[in-house]
Amino acid sequence: MKRYNPTEIEKKWQQVWEENNTYKVDFSDHSKPKYYAMSMLPGITGAGIHTGHGRTFQFSDIKVRAKRQQGYNAYHPIGWDSFGLPVENYAIKIGKKPRIAHDEALVNFKRQLKRLGYSYDWSKEVSTADPEYYKWTQWIFNQLFAHGLAYQKQSPQWWCETDQTVLANEQVEGGKCWRCGNQVTKKNLKQWFFKITEYADEMLEATDDLDWTEMVKTMQKNWIGRSVGAEVEFKIIGRDDLITVFTTRPDTLFGATFIALAPEHELVKNLANDKTRQAVDDYVLQSARKSEIERMNENREKTGVFTGSYAINPVNGEKLPIWVADYVLAGYGTGAIMAVPAHDERDNAFAKKFDIAIKQVIMPCEIDQNNPPQDGFDMVERDTVVVHLMDKSTGQFALLDWHGTLDGVSTAIMGGIEDSQTSAEAALNEIKEEAALGGVKIVKELDWTTAALYCASHKSQNRKAIARAFLAEVDNLDNQGTISDAESKIHKLIWVDKKDVATHLTPAHQKLVWQLLNENSLISGEGELINSGTFDGMQSSEAREQIVDWLEQQGTGHIKTTYKMRDWLISRQRYWGAPIPIIHCPDHGAVPVPDNQLPVILPDVDDFKPKGGETSALASVADWVNVECPLCGKPSKRETDTMDGYACSSWYFLRYLDPFNDKQAWDPEVEKHWGPVDFYNGADHAVAHLLYSRFWMRFFYKLGLVSTPEPFKRMMYNAYILAPDGTKMSKSRGNTIDPLEIMDSGYGADSLRVYEMFIAPYDLEAPWDTRGVPGAYRFLNRVWKLAQEYIEAGDLNLDDKVQTEITVIANRITKKVTEDILNDKFNTAISSMMEAVNDYYKIKEKNGIGKSTAWSFAIESLLQILAPFAPHITEELWNQLGHSDTVHIDHWPKWDDKYLQNDTVTIVIQVNGKLRAKLDVSKNISQIEIEQLALDNDNVKTFVGDKKPTKIIYVPGRLLNIVV
RNA sequence: GGGCGAGUGGCGGAAUGGUAGACGCGCUAGACUCAAAAUCUGGUAUUCGCAAGGAUGUGGGGGUUCGAGUCCCCCCUUGCCCACCA
């Protein structure tokens, strides 16, 4: 018998596939349905990939291999993210030019990917740093420019003083530079932007319908961050101009007690008077010097100064002081807010610090006015408990706990019930402390111990029962006057359960309770309006609309939608990127380089490192910078910034479809057939890259260059594999595992691949287990031996029962694996194949193995469904079985449902929901028969006894539950 | 602080509301061997019992259901993303 030697057969078949162009796709071949799958392209930074990356790349490989076997023309491209900061920084680190550093690093990437046996079409490789590629990136820039979606604007940008360079948002981690770890600041520079906000609404609305991993969709929606609210105009006393604020809570407009402007707000300097000017100027200057990070790190202590001016609240004519405060962000909304300290935490903190009025306008009473509570305390919409006390003589209430911590009270009391009298007292003391901390006013002291001891003396599992009993008893005692002590107070511990325990609070009482609360706490939610003139009594949601309507009639406000997402800043003052194809002419301003002069080649420079200042190294290449204006021929200068690396990777999936086209970026006809990407996966870039790609795709769609507005039909966001120590695998931690190392130690690519898929479901982080690959190797070795024994054996006559047994297994796993691959459940696909192989071994031991219809189908179907996971061993065995073609094209087994229906089934017999017996019966058995069999069963009898079943649940083919 | 997930043996994990712990790792006993490795066979949640079998058991507390790891409510722990976004 031949031994399984992965090293030998993997090398052999990789060579054969390359020579035969097995995975090469002919775009013009439309004879089969198309399937286009890919993983996010790797950034080339030298280390090569580790086993965590390997897993990511494999998901698309399995999808594409399965489809290829199922008769699709399946395309699996590969390319390199070659431009951008990571590559340039890597080059700086190793002291080589980026081009050289990149090309050298790429060698190892390719070696790794090839050895892992991914079925890429290597003939269509793409690199974002090739002039043939970035020519079209620049062309896209021109298109965006021509359509008003690329523009220049003065804007503050992250700046690292240590590295003397600007940083992209994503390169700032927690306020620190990703490279040197020092704090970053902001610097005001003229920058290029792409107007992604133009598509914010469109993308947001399309997000829900995408067949993408939910988490990614949520992150994208949060990032776009749409808020619907209103813009309200405030007149400034003694001036003609207005302050416009944005708010999502126009229903709190009557509660505004001051206006706050961002220090960068243009009106600030005009609003100061002689008295305040010095303070205001100082504050603005100070804020500008502070980085945003510093602002955040100051423990959110609010700062600000009064400008000396006042604004008029359009709804009630109140005079509101105008402040400057850096907690107001210049970049969001209008850079100005109306502050409602009674209902906004930040405004509240500010108002308290500077002693500004706080005016409550919302009563957070959750009473549905259309359906007022009849005889229940329905204010708290949860099945939980409220502890409060009431003084009947004054009608006053106090809550001891409420809202989110309500359950804390019940838990504490339950603790008292369960433990002892002592702990009951302790628990109740805790509640009192908590009440004091929460600022709740205790109107009258209650004899807590009485209540707690009652609970403690009535131990029971059922909280509700205790509550009922206690209520009854207290009521009873009360009526008899025994609980009313000398101080004539009435103590009640009321358990509130929405459905069950009705207490006796009227809506008026509920309001009273809330009012007591409101004196001490901030109401940030919704409720009923008070102190709001004609809008009093309205619910927030209605008041919002009515107030905006009213403002609109007065011409002082309107509905407004804002987004957190900002336009995409693409300028990089760095060398290693696609040059922005712009020429600055003294007369014509920014003029795009004509399409027929593209690409603007990135010149080779010796010193590419950022010098600080505000330009890239390109600024020093005089003969490159100094050119003539394309419009008038006047001496002009090239733009010396390069484009963000994300720009280069926002359209590569289109270039994959036409990588050698020198007439256009891609042929729309090819895209029409092959687009969009059917399956896309990655473990990173959940927000930026995917949003940018969607933005460009929508733009191309409007231009008629592509056939759909969304680039990725299905997007799978997989989790990382962690290092064995449970931390993230990273080069800096030194805990990465090189796939080459594992393959070279004799296990080969197939074992590694199988383990990578078996380790955990795709969306779960799991630590790498060094013993895992040997486990996968054992499985493949068992497959190998099984196939070898079959190949070497002669004819074998099996009786029908055994034939069927084998065939049933083969059909079962074929169905299971087919469906699991479709549903991205790769780990269970493998475990079911392991199970099947174990079953085959048992049958083989008992009945032998040899040439027969059943064994033939079992072996061949197993190899076919295993092929996407372990392509080499399956190809080798397929070949040894005598096939001259490859198993990887057009070979997928079919299952027949008739083998999946057993004649006998195991029925689980339960008594009161507990398993008491299992019966093997014919699948056609009637309910009456199975009931009789069950009731005759000895073990069932002991649990049913003489009792008569009150109910029998029968799930045909599965289970019988006898309820007695 | 906000949003979204997750919590099941010693470990990774499995389970359309219907037999919890598949499959693998590890551990363990045995077979083969002079021996070891490799391989094969059996065992492996806790607990009571000679056994048959019983009781308990999916972070904690409640609920819905004939039946809950799964659905609902609250709490705890943990991961990721965003974070003074009005």
Side-chain angles (χ1 to χ4, degrees), chain A residues 214-219 221-223 225 227 229 245-249 252 260 292 295-296 298 300 302 325-329 331-334 336-340 344-347 349-350 381-385 404-408 410-411 414-415 418 461-464 497-500 562-565 686-687 719 755 758-761 763-772 774-776 778-779 781-782 785 825 827-828 830-835 838 841 845 906-918 938-939 942-943 949-953 955 958-964:
Chain A
E214 281 306 315
M215 184 182 54
V216 177
K217 292 184 4 182
T218 310
M219 280 163 69
K221 283 192 273 187
N222 289 347
W223 189 267
S227 306
V245 307
F246 173 73
T247 178
T248 53
R249 292 292 303 275
T252 63
E292 287 196 17
R295 283 200 206 173
M296 280 193 274
E298 277 170 18
R300 303 185 187 211
K302 297 285 180 289
D326 67 4
Y327 80 93
V328 181
L329 303 178
Y332 182 76
T334 59
I337 60 164
M338 62 172 213
V340 186
D344 181 279
E345 230 174 294
R346 297 151 300 178
D347 299 344
F350 194 89
E381 293 199 68
R382 283 172 313 181
D383 174 16
T384 183
V385 62
T405 51
L406 264 179
D407 214 62
S410 60
T411 308
M414 285 310 287
E418 276 153 22
Q461 294 300 309
N462 193 326
R463 201 158 79 185
K464 259 195 271 179
D497 183 298
K498 196 174 169 185
K499 291 183 194 134
D500 231 54
T562 61
Y563 301 89
K564 285 187 198 173
M565 185 166 72
V687 176
Y755 175 61
F758 183 62
I759 184 168
D763 56 351
L764 219 67
E765 283 189 340
W768 184 263
D769 180 358
T770 46
R771 304 298 306 256
R778 271 198 279 278
F779 162 62
N781 213 5
R782 276 163 74 81
K785 283 185 173 166
K825 294 168 78 174
N827 58 329
T828 51
I830 290 170
S831 65
S832 66
M833 286 187 276
M834 288 174 166
E835 219 172 330
N838 291 345
Y841 264 69
E845 290 307 316
T906 303
I907 304 283
V908 170
I909 310 298
Q910 297 180 333
V911 178
N912 291 334
K914 294 208 177 222
L915 172 71
R916 295 305 176 194
K918 293 180 203 177
D938 286 344
N939 201 39
T942 58
F943 287 93
T950 54
K951 197 171 180 182
I952 295 183
I953 314 282
V955 184
R958 276 192 164 274
L959 153 154
L960 186 81
N961 189 12
I962 300 165
V963 186
V964 292

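Quick caveat: nothing in here was measured; it's all calculated off a predicted structure. Computation of the quantities below employed the complete heavy-atom set of this structure, encompassing side-chain atoms and omitting hydrogens, waters and symmetry-equivalent molecules. Order of the sequence lines sets the chain letters (A, B, ...), proteins ahead of strands, with each chain counted from 1.
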Checklist entry - Closer to the 5' end of RNA chain B via nearest nucleotide, is it A:L959 or A:A336? => result A:L959
Checklist outcome for this item: Nearest-nucleotide check on RNA chain B, A:Q910 vs A:S832; residue mapping nearer the 5' end is A:Q910
Checklist entry - Taking atom OG1 of A:T906 and atom CG of A:L959, what is their separation to the nearest 0.5 Å? => result 12.0 Å
Checklist entry - Rounded to the nearest 0.5 Å, how far apart are CE of A:M565 and OH of A:Y332? => result 12.5 Å
Checklist entry - Relative to A:F350, does A:K302 satisfy both conditions: NZ or CZ under 6.0 angstrom from the six-membered ring centre, and within 45 degrees of the ring's axis? => result no
Could you check whether [X] gets within reach of a base, just the sugar-phosphate, or nothing at all, counting any heavy atom under 4.0 Å?
X	value
A:E765	sugar-phosphate
A:S227	sugar-phosphate
A:D763	nothing
A:R771	sugar-phosphate

Provide the distance between the two [atom1] atoms, one in [N] and one in [M], to the nearest whole Å.
N	M	atom1	value
B:rG67	B:rU46	P	29 Å
B:rG54	B:rA20	P	12 Å
B:rC66	B:rU77	P	35 Å
B:rG62	B:rG2	C1'	27 Å
B:rU58	B:rA22	C1'	15 Å
B:rG21	B:rG30	P	28 Å
B:rG17	B:rA68	P	15 Å
B:rA6	B:rC71	P	9 Å

Watson-Crick or G-U wobble partner of [N], both distances under 3.5 Å:
N	result
B:rG10	B:rC25
B:rG30	B:rC40
B:rU64	none
B:rU58	none
B:rC50	none
B:rG79	B:rC4

Minimum-distance pair of heavy atoms, taken over all atoms of [X] and [Y]:
X	Y	value
A:T942	A:N939	OG1-O, 2.6 Å
A:L764	A:A719	C-CB, 3.5 Å
A:T334	A:V245	OG1-CA, 3.4 Å
A:M338	A:R249	CE-O, 3.7 Å
A:N912	A:V964	OD1-N, 3.0 Å

Side chain of [X]: nearest nucleotide among [options]?
X	options	value
A:N827	B:rC25, B:rG24, B:rA14	B:rA14
A:E835	B:rC23, B:rG67, B:rA86	B:rC23
A:N222	B:rA86, B:rU39, B:rG3	B:rG3
A:T218	B:rG24, B:rC4, B:rU41	B:rC4
A:P761	B:rG24, B:rA86, B:rA14	B:rA14
A:K951	B:rC40, B:rG13, B:rC66	B:rC66
A:V908	B:rG26, B:rU19, B:rG12	B:rU19
A:I953	B:rG12, B:rC66, B:rU39	B:rC66
A:V328	B:rC23, B:rC84, B:rA86	B:rA86
A:L764	B:rA86, B:rA14, B:rG13	B:rG13

Spacing of [X] atom [atom1] relative to [N] atom [atom2], expressed in whole Å:
X	N	atom1	atom2	answer
A:K918	B:rG18	NZ	C1'	13 Å
A:E345	B:rG2	CD	P	8 Å
A:K221	B:rG2	NZ	C1'	16 Å
A:M833	B:rA14	CE	P	16 Å
A:M215	B:rG5	CE	P	10 Å
A:D769	B:rG12	CG	C1'	7 Å
A:Y332	B:rA83	OH	P	13 Å
A:K825	B:rA22	NZ	P	17 Å

Item to check | Short side-chain N/O contact from A:N838 to OP1 or OP2 of B:rA22, under 4.0 Å | outcome: no
Checklist entry - Any side-chain N or O of A:R782 less than 4.0 Å from the OP1 or OP2 oxygen of B:rC40? => result yes
Checklist entry - Which letters describe nucleotides 51-58 of chain B, given B = protein heavy atom under 4.0 Å from base, S = only from sugar-phosphate, - = neither? => result --SSSS--
Next on the checklist: Test your reading of the model: is there a side-chain donor-acceptor pair from A:T950 to the backbone of A:V963, 3.5 Å cut-off?
Outcome noted: yes
Checklist entry - Do A:M834 and A:F758 come close enough that some side-chain heavy atom pair is under 4.5 Å? => result yes
Checklist entry - Going by modelled atom types, is there a donor-acceptor pair between the base of B:rC84 and the side chain of A:K302 at under 3.5 Å? => result yes
Checklist outcome for this item: Relative to its sugar, using the 90° cut-off around 0, the base of B:rG57 is anti
Next on the checklist: A:K217: which residues meet the salt bridge (charged side-chain N to carboxylate O under 4.0 Å, His left out) condition with it, sequence neighbours left out?
Outcome noted: A:E214
